[in-house]
Amino acid sequence: MATEWITAIDKRPCDRNLRDAELISCRLRRVEPLCRLPGSALQQLAMCGFYEDLEKGVTLFRAGEQGRFWYAVLGGSLEVRYHAADADGKLPVTLCNLGVGATFGESVLHDLPRDSTVVTKTTCELLRVEQQDFRLIWEKNKELMTDIITNCKLKNGVSSVVSAAQTKRPLSPDHPNPALPITESPSPTMFRMGWALRTLLVSDTSSCLKDRKVSGKLVRKCAPGTELVEWLINLSPIVHTRVQAAGMWQALLEEGVLVHVNKEQPFKDKCFLYRFRVDEDGSSGGPPTTDDINSANDHIREALSGLLHRGPDATLRMILRKPSHERTQEELELVFEELLHIAALSHLSTSIKRELASIIVFESHPAAGTVLFNQGDEGRSWYILLKGSVDVVIHGKGTVATLKEGDDFGKLALINDAPRAATIVLKQNNCHLLRVDKEHFNRILRDVEANTLRLQEHGKDVLILERVAKQRGHAAYKYTVMSGTPQKMLEHLLETRLGGQVGPNDPFLDDFLLTHIVFLPVHMLVDELANHYHSDLENEGDGSPSVEDREYLLTCKRRVVQFVHKWVVAVRNVVFDDPVAVDFIEELASEVEADPELQEEASVMHHVLSQIARYQEDRNMHNGQKWKLPPNGQPICLFSGNPSATRTLIRPDDDIIFRVYCADHTYCTLRFPIAATAEMIKACASDKLQLNRAADDLYLVEVKSNGERSVFKDNDVSVPTALSLNGRLFVSPKDHLDAMTPLPEQETATEGLDIDIEVLSTKELAFHMTLFDWDLFWAVHEYELLYHTFGRHHFGKITANLDVFIRRFNEIQYWVVTEIVHTASLSKRVSLLRKFIKLAAYCKEYQNLNAFFAIVMGLSNNAVSRLTQTWDKIPSKFRKIFTEFEALIDPSRNHRAYRMFVGKLQPPLIPFMPLLLKDMTFAHEGNKTSLDGLVNFEKMHMMAQTMRTIRFCRSRHLVLDPPSPKSEGEVRSYISCFRTIDNQRVLSAMSHKLEPSRRT
């Protein structure tokens, strides 16, 4: 990145592309005060600026010369000299030095000669802009540019003395120092962890903690960041990377347990020196005793994972305390990902969130009672509460409200430029806040508004577009949709995204097709399409249409046909299953066929009809398909006697046979379509079980193996498939819900084949598991993610195929735990652990990442991870492999390690489905579906991105080379139905029976 931008700016302006402009803008954005300029101004500077790399002693211009260029300092320093008249002639006087971020040469605006001489004091990097280009940028950003130049002159003492009355009060509070702690004193947990780490470091005679001379002064017991990182990685296998270790040390530094020797740096994996606070203030005491060392070792084993989990958050807070120009591109992306999940920002567009990532600041306040600002103060910042609570106090009324985590305040004063309407007082110690300063907030709003196009009808917004950078060869696409009414978005789509106009990276059409069911149900969509197709009927009374009108009407019809074709290709069987959609398509095909000017479109519609016919033929072949939910916790399976013996997808009108219990554990067996509602099941079960209660007085409940109860809504569908791993359906009077208890068999293992897993080939197991899981994954439609996220009851659609696939993940995870805690022999447990690690490796090799995660998470389950005697006997090779696997499933930074790994893979692959569902949930809960009465299409885009992941994973068919078969039939039967216990209490009890805790 450091050299890429120089390569970009070394090109002639006319040769620079969008990528070059982005690289140059990114570099300029890291320079204060250029980072305050709107993105459009930075883009202009990037497209017209020149790079200067000058040696020391170079004169850029002399006093009296006519100016041609304006400059900004990117690196190094320069002297500004003035030649004053003297008896002996002219002697140069140094007025000031210009450092990074300084600007000079603005006299080119008024064609004035230079009033001073500028000479490089050191090797310098400069941005040079020609007079004509600078004038254009100045005119568009006059207020900001004036402020930047004025502040630069004031800072460097170039301008004449300015009276105090003229000096503007800075809008932004001081920037927090990331090298300082965020608390007044460390928490007991972090203090104890610091003590344990220091004890082990001091007791190790070869450790990095040594007395060192710093600037001629002896600093006791300090160590470079690089060596502390290496020591921590070698201390414990749970620390996998240098980034993790650096984050753990930063967590100690931000609480004041560790300090930089000069208090100038946060923790960095560099040669900066750090030491423990107790060594700095002399309270460390004597050398550690043997008891101290043993106690420290015990504490590290138990609590180091807690420090590991604190590391990523501490790193994020450190980034948020850095000045904007010091944040790297990777850090900005990290902050942006976090901002996506903050509810207070959900109403802002993605582009605004990206801008906020570079300027949003973290600040902490250790003491309750601190006044953040007073009523009547100037509004200078907007705050978001991350931790703690604050009181809102108004003169004469006292405390009128208490704000808690997730709430925001102070924004109104920024928008209205009004004084604060209330006083904010911290209610708790150690409150954490995010802060957006007024200067940056206003700049971002101005920049975004300048790039926003609003289309209105009857004085109201109906479509909001945002200008995006042009792409070579696709200059027509300058705007992307941010929000709009469903009808206007469809109209815009038909006019701009069909007919060969779509750019290669324009996702609007695909986003619309994947998410329209949220805001434009199928029956409304086909009505709108019919209106567009028949737009000529609106002009029937106006006489014969002109040639231009006729061409326009034909274009409208062609675009509707193209849309239908794209719709069918993108959505497939969900369209074919909807009778309203099929009726519309068939009617449209007939009209197109009858129009002699639409012969090419008739061919397209014929192809669509043939797809529908093939689907209906396949559906008829599997008509009357029956499924059963076995009574002993096994997964859903086809009922014997089905027309097809092979597994197919579960359809809404398929029947399923299942049991419903009541409080005394008596049950009835029911048969219903998958799409049957909970209300229908409840009424039938109540009748069969003779509960003699009105349906309104009953609940349909899932009782899980651990006793938890989950009540179904009356309009919930695909209820039997939604049960957890070992859950059972109960019908219960509303006033007797607490009487529902698990069946005795729910606490035991589900039924599965009784086979010694050791005799089965590990590779063959992984191969057949991958084939089995692929079939389940293939059956999941992308729309099921939407149904799952927004709620099945909102759509009246089933999620049965997704339910079965999610259940499979849990089944594999708990199968691993169940098999291990069922193995009484220590040697066999060790062998089984090795086999599961190998199985995970093969699943990773086959790109079955869903099973890979399930196996590794099973091995990380507390009932397994606590078996120290077993793990101690695992060969180091297997321990290392498992450590690498744990690093890959590490959830920190939003599963960054996994995302980077999977981003390099090619299809086919089976993704980690729980993470995709988490992404959908975050997009849904972190962003409003409607903004000011318009559909928030940025939210739809985020959801469509996740849904496209599924499509990408399945974009190629799964073809695997089978291993040498040893017991194929046995393996296939075994992997289709694992023996599992999902009650964590039972699993933990079995684990403690195998290896009792030392304390007991």
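Just the heavy atoms: all of them, side chains too, but no hydrogens, waters or symmetry mates, feed the values below.
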Any side-chain heavy-atom pair of [X] and [Y] under 4.5 Å:
{"X": "Leu209", "Y": "Asp204", "result": "no"}
{"X": "Leu915", "Y": "Asp919", "result": "yes"}
{"X": "Leu334", "Y": "Ile319", "result": "yes"}
{"X": "Thr123", "Y": "Asp53", "result": "yes"}
{"X": "Val425", "Y": "Leu372", "result": "no"}
{"X": "Ile238", "Y": "Leu308", "result": "yes"}
{"X": "Glu337", "Y": "Arg896", "result": "yes"}
{"X": "Glu79", "Y": "Val118", "result": "no"}

Report yes or no: does [X] contribute a side-chain atom to a donor-acceptor pair with the main-chain N or O of [Y] at less than 3.5 Å?
{"X": "Arg275", "Y": "Cys222", "value": "no"}
{"X": "Arg242", "Y": "Thr226", "value": "yes"}
{"X": "Asp269", "Y": "Ala246", "value": "no"}
{"X": "Arg198", "Y": "Asp279", "value": "no"}
{"X": "Asn234", "Y": "Glu230", "value": "yes"}
{"X": "Asn297", "Y": "Ile293", "value": "yes"}
{"X": "Ser389", "Y": "Lys404", "value": "no"}
{"X": "Asp10", "Y": "Thr7", "value": "no"}
{"X": "Asp437", "Y": "Glu439", "value": "no"}
{"X": "Arg327", "Y": "Val335", "value": "no"}

Minimal non-hydrogen separation, [X] against [Y], with atom names:
{"X": "Met318", "Y": "Pro178", "result": "O-CB, 3.9 Å"}
{"X": "Leu42", "Y": "Leu34", "result": "CD2-O, 3.7 Å"}
{"X": "Arg212", "Y": "Ala223", "result": "NH1-CA, 3.6 Å"}
{"X": "Thr122", "Y": "Gly76", "result": "OG1-CA, 3.4 Å"}
{"X": "Cys208", "Y": "Leu201", "result": "SG-CD2, 4.1 Å"}
{"X": "Thr120", "Y": "Leu78", "result": "CG2-CD2, 3.9 Å"}

Hey, could you give me the [atom1]/[atom2] distance between [X] and [Y], rounded to the nearest 0.5 Å?
{"X": "Leu403", "Y": "Ile384", "atom1": "CG", "atom2": "CD1", "value": "12.5 Å"}
{"X": "Ser358", "Y": "Gln329", "atom1": "OG", "atom2": "CD", "value": "9.5 Å"}
{"X": "Gln43", "Y": "Leu28", "atom1": "CD", "atom2": "CG", "value": "10.0 Å"}
{"X": "Thr241", "Y": "Asp890", "atom1": "OG1", "atom2": "CG", "value": "7.5 Å"}
{"X": "Lys918", "Y": "Asn894", "atom1": "NZ", "atom2": "CG", "value": "4.5 Å"}
{"X": "Leu386", "Y": "Glu338", "atom1": "CG", "atom2": "CD", "value": "10.0 Å"}

In sequence, state the C-alpha distance, the side-chain angles, and the governing distance for Leu345 and Ile352, and then conclude on side chain to side chain contact (heavy atoms under 4.5 Å, CB included).
CA-CA 9 Å; Leu345 304 177; Ile352 292 181; over 6 Å; no

Counting only heavy atoms from other residues, nucleotides and ligands, does the tally under 6.0 Å from [atom1] of [X] exceed 12?
{"X": "Lys353", "atom1": "NZ", "result": "yes"}
{"X": "Phe191", "atom1": "CZ", "result": "no"}
{"X": "Arg899", "atom1": "CZ", "result": "yes"}

Set of residues satisfying ring-ring contact (aromatic ring centres under 6.0 Å, His included) with respect to Trp871, sequence neighbours excluded:
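Only Phe882 meet the ring-ring contact (aromatic ring centres under 6.0 Å, His included) criterion with Trp871.
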
Got a salt bridge between [X] and [Y], using NZ or NE/NH1/NH2 to carboxylate O under 4.0 Å?
{"X": "Arg317", "Y": "Glu254", "value": "yes"}
{"X": "Arg277", "Y": "Glu280", "value": "yes"}
{"X": "Glu22", "Y": "Arg27", "value": "no"}
{"X": "Glu363", "Y": "Arg321", "value": "no"}
{"X": "Arg380", "Y": "Glu378", "value": "no"}
{"X": "Arg879", "Y": "Asp872", "value": "yes"}
{"X": "Arg301", "Y": "Asp298", "value": "yes"}

Going by atom types only, do [X] and [Y] share a side-chain donor-acceptor pair under 3.5 Å?
{"X": "Glu255", "Y": "Ser187", "result": "yes"}
{"X": "Arg192", "Y": "Ser295", "result": "yes"}
{"X": "Asp291", "Y": "Thr289", "result": "no"}

Taking it one step at a time, do Tyr51 and Glu125 satisfy side chain to side chain contact (heavy atoms under 4.5 Å, CB included)?
CA-CA 7 Å; Tyr51 175 68; Glu125 290 182 282; 2.5 Å; yes

Applying ring pair (Phe, Tyr, Trp, His ring centres under 6.0 Å) to Phe104 and Trp70, what does each step give before you reach the verdict?
CA-CA 6 Å; Phe104 58 95; Trp70 173 82; 8.5 Å; no

Might you work through the side chain to side chain contact (heavy atoms under 4.5 Å, CB included) test for Val73 and Val31, ending with a clear yes or no?
CA-CA 9 Å; Val73 184; Val31 178; over 6 Å; no

For the ring pair Tyr898 and Phe853, is the centre-to-centre distance below 6.0 Å?
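Yes, ring centres under 6.0 Å apart.
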
Do Phe409 and Trp382 have ring centres separated by under 6.0 Å?
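No, ring centres 6.0 Å or more apart.
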
Does the side chain to side chain contact (heavy atoms under 4.5 Å, CB included) test come out yes or no for Leu37 and Leu45, once each step is laid out?
CA-CA 10 Å; Leu37 287 172; Leu45 287 173; 3.9 Å; yes

Going by the rule side chain to side chain donor-acceptor pair (under 3.5 Å), which residues pair with Asp20 if we only count those two or more places apart in sequence or in a different chain?
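Asp20 satisfies side chain to side chain donor-acceptor pair (under 3.5 Å) with Lys11 once adjacent residues are dropped.
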
Passing candidate, ring-ring contact (aromatic ring centres under 6.0 Å, His included) with Tyr274, options Phe267, Trp249, Trp231
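Output: one option passes, namely Phe267.
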
Would Arg435 pass as a cation-pi partner of Tyr383, given that its NZ or CZ must be under 6.0 Å from the six-membered ring centre and within 45 degrees of the axis?
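Judged by the rule (NZ or CZ under 6.0 Å from the ring centre, within 45° of its axis), Arg435 is not positioned above Tyr383.
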
